[in-house]
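Encoded as structure tokens, the structure appears first; notes follow it.
Residue numbering restarts at 1 for every chain, and letters A, B, ... go by the order of the sequence lines.
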Protein chains: 2
Amino acid sequence: MENNKKDTFRSIPTIKDVAIAAGVSLKTVSRVINNSDNVRPETREKVLAAIKAIGYQPNAIARSLRVKKTYTIGVIIADITNSFYSAIVRGIEDVAVSKNYSVLIANSDEVLKKEKLYARVFVEKQVEGMIIVPASGSQKYLENLAGHLPLVFVDRYPEGISAPVVKVENEKGAYDLTSHLLDHGYEEIAFIGYEPALTTAQERFAGFQKALQERGLKPRPELIKTGNKTVLDAYHATEEVLKQPRRPQAIFAANNFMMQGALRALNHAGLEVPRDVAVVGFDDFEMADAFRPRLTVVSQPAYTIGREAACLLFSKMENRSGGAEAVVLPTELIIRESCGCLRRKLEHELRFR
Amino acid sequence: MENNKKDTFRSIPTIKDVAIAAGVSLKTVSRVINNSDNVRPETREKVLAAIKAIGYQPNAIARSLRVKKTYTIGVIIADITNSFYSAIVRGIEDVAVSKNYSVLIANSDEVLKKEKLYARVFVEKQVEGMIIVPASGSQKYLENLAGHLPLVFVDRYPEGISAPVVKVENEKGAYDLTSHLLDHGYEEIAFIGYEPALTTAQERFAGFQKALQERGLKPRPELIKTGNKTVLDAYHATEEVLKQPRRPQAIFAANNFMMQGALRALNHAGLEVPRDVAVVGFDDFEMADAFRPRLTVVSQPAYTIGREAACLLFSKMENRSGGAEAVVLPTELIIRESCGCLRRKLEHELRFR
DNA sequence: CTGTTAGCGCTTTCAA
DNA sequence: TTGAAAGCGCTAACAG
């Protein structure tokens, strides 16, 4: 009966079946598959023919167990649905593919508990390295969990653990964006921010503040709304800010979710950008350029962040040496129209007509 | 020397190390880990303590080899960077996670050769099922490759193989969108389309055509531009269409890339939407609502597509029975402003002021 | 309730 | 150039 099973269900052929079919030993088949050692051409042909004939597919799991190499890395991001992270993932995948690696992916939704769970699963599945967008809280757990498994963090600094980070000049980007608004003469700027425990949020706020301070200004507390998690939160935060007796002249949206919320609230309030209030955002996205008015933003090289992170990871995986401890990529101020540059241009045109 | 290695590098602890540390047998440890059989509480404690003490992590690869189960599925999409696909992936992942599965992901970029390669790698890595957005060409190769591995296709029909598909009512969606344009009185409609070999493209074009035919109209050939792969292609196609002696009154963008290209070309040509030309697109996206004017689109339930596909896959994985052979999800016409409804509204307001 | 033995599919000695 | 045997880390049988 036990043997029947093999015959009736025609179980998946193994290297052994190939060996029998070709009339050679297991090792010879193995050699042909990995073309590792010298094999006599005729023998090789015989083996190849047998492989074709019985439809043999190597079992990477068995191979992995033996050679202790899975050719797989793990990636944990906040949410693949956010275009910033999906671009990062694409960057990672492209370098992974070029090294014949696969990638396991998971969404933490900024929840540390999920991050921990996925990290553990990935470690158990013997990934050879992990790239993580750390949720707020401590990543100390990875010390025991991942041992000496190569790790690279992305977008933000982790807490309680030291490992390379690939990130962006958040403070400078926010400073540039705010300064540009200030150049327009807008001094009453609302700040729509997200989770303040995240280092990116802190850096961006610092840049915002620095630009104001430099001109002897300081933020009006009632215009600072942090801790928004969703587009809807940002929508409500913007609504509140617009209800202030002295309406802000401009809005600084700290990421693309905040931007969406702000834009919708403005739209809903019947306010026109930039005529009634100017808007700028941190993080560019595909459609920002097709918008009316076109959105002024600071762009982050998301795809490059992914590539750099993956390159760093692979360099750590290949030689156990350290490599860079942080890669800080530049942001770029992309001036379009929502900051008020449209209005300026129109005024200019009207004047000279 | 060989043994030294184990000691100096403190190799990863195995179940055997735990057994020795706890003074029990391998099997007992295994039982505790999987809490499969009854184990005396004291023994269990002893084992648990040993696991903690030496920092043991189960090796899922070894386990997989033994039980022939990897708790992993493979997903091959066109491009994770496209918000439509990233939403699908999120849907898939959410159900995978709920079943304790991980997902391996790869981007085919609509290139059959890449699709084949990734499919093979995933099969070798013993995924228990695959969800694929099939590239144009034939998926017949999967018959030999995947054997009886459960397969679900998504977004479009594959060729040369029969397996369940989760897709959307493309023809009806395109029909609705076009009819709405026609209701506005626009009869000269340009069609900016993508790869015509894809079944979605065919269905959408069919819907477009059907709506015209129903009113005794037919498309002007010089306004039909298919085969655009990128946003830039769509940009150029739209430019050409706008150069026609009789400019179209409206543009139908067949997916969100086409939409972007069209919008940019319009913007660049200094044409205002919908005053100068109306625009509608197939596939909604996050920002469509924050646009000025707000974009009229047919929305596809991308996240749900992913969920449905995953549910179907798991049902195939669990019982070998067939399950549904196709799930066709409804589209929704979301009327905003870019179709001309804004103009109408304004005209109405002006008239009654 | 616990232990022994065999073996998943593959590669790596080591020997022929 | 080829083969036999051992073992990667784990679990399924089968005893005890």
I need the [atom1]-[atom2] distance between [X] and [N], as an integer number of Å.
| X | N | atom1 | atom2 | result |
| --- | --- | --- | --- | --- |
| A:Leu26 | C:dC8 | CG | P | 11 Å |
| A:Ile61 | C:dC10 | CD1 | P | 11 Å |
| A:Glu45 | D:dT1 | CD | C1' | 16 Å |
| A:Ile51 | C:dG9 | CD1 | C1' | 14 Å |

What's the closest nucleotide to the [X] side chain, out of [options]?
| X | options | answer |
| --- | --- | --- |
| B:Leu65 | D:dT2, D:dG9, C:dG3 | D:dG9 |
| B:Arg40 | D:dG9, D:dT2, C:dT2 | C:dT2 |
| A:Thr28 | C:dC10, C:dT11, D:dT2 | D:dT2 |
| A:Ile15 | C:dC10, C:dT2, D:dG3 | C:dC10 |
| A:Arg63 | C:dT11, D:dG9, C:dT2 | C:dT11 |
| A:Arg31 | D:dT2, D:dA12, C:dC10 | D:dT2 |

Would you tell me whether B:Lys125 and B:Thr72 have side-chain atoms, one donor and one acceptor, within less than 3.5 Å of each other?
->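 The answer is no; no qualifying pair exists.
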
Please report, to 0.1 Å, the donor-acceptor pairs under 3.5 Å made by any side chain of residues 304-311 of chain B, with sequence neighbours excluded.
unit_1   : atom_1 : unit_2   : atom_2 : d
B:Arg307 : NH1    : B:Tyr303 : OH     : 3.2

Would you say [X] reaches [N]'s phosphate, i.e. side-chain N/O to OP1/OP2 under 4.0 Å?
| X | N | value |
| --- | --- | --- |
| B:Ser30 | D:dT11 | yes |
| A:Lys68 | D:dG9 | yes |
| A:Thr14 | C:dG9 | no |

So, does the side chain of A:Arg66 form a donor-acceptor pair with the base of D:dG9 at under 3.5 Å?
->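 When only heavy-atom distances are counted, A:Arg66 does not reach the base of D:dG9 through any donor-acceptor pair under 3.5 Å.
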
Taking only residues two or more places apart in sequence, or in another chain, which ones meet B:Lys99 in a side chain to side chain contact (heavy atoms under 4.5 Å, CB included)?
->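 Once residues adjacent in sequence are excluded, the partners of B:Lys99 under the side chain to side chain contact (heavy atoms under 4.5 Å, CB included) criterion are B:Tyr101, B:Phe314, B:Glu318.
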
Of B:Val67 and B:Val24, the one whose closest DNA chain C nucleotide lies more 5' =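 Looking at DNA chain C, the more 5' nearest nucleotide goes with B:Val24.
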
Pairwise salt bridge (Lys or Arg N to Asp or Glu O under 4.0 Å) hits with a residue in residues 111-120 of chain B, at least two apart |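 Of all non-adjacent pairs touching residues 111-120 of chain B, those that pass salt bridge (Lys or Arg N to Asp or Glu O under 4.0 Å) are B:Asp109-B:Lys114, B:Arg120-B:Glu124.
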
Sort and list the pairs that fulfil salt bridge (Lys or Arg N to Asp or Glu O under 4.0 Å) and have at least one residue in residues 76-88 of chain B, not counting sequence neighbours.
->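 Listed once each, the pairs are A:Arg90-B:Asp79.
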
Report which part of the nucleic acid A:Thr43 touches: base, sugar-phosphate, or nothing (heavy-atom distance under 4.0 Å, all strands).
->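 Sugar-phosphate contact only - A:Thr43 comes under 4.0 Å of backbone atoms but never of a base.
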
Which residues pass the salt bridge (Lys or Arg N to Asp or Glu O under 4.0 Å) test with B:Arg156, sequence neighbours left out?
->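 Partners of B:Arg156 under the salt bridge (Lys or Arg N to Asp or Glu O under 4.0 Å) test: B:Glu110.
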
For atom NZ of B:Lys69, decide whether the heavy atoms of other residues, nucleotides or ligands shown that lie under 6.0 angstrom number more than 12.
->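 Yes, NZ of B:Lys69 has more than 12 neighbouring heavy atoms, counting only those of other groups under 6.0 Å.
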
Rounded to 10 degrees, the angle between the two terminal axes of the helix from C:dC1-D:dG16 to C:dA16-D:dT1, each from five pairs =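 The angle separating the two end axes equals 40°.
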
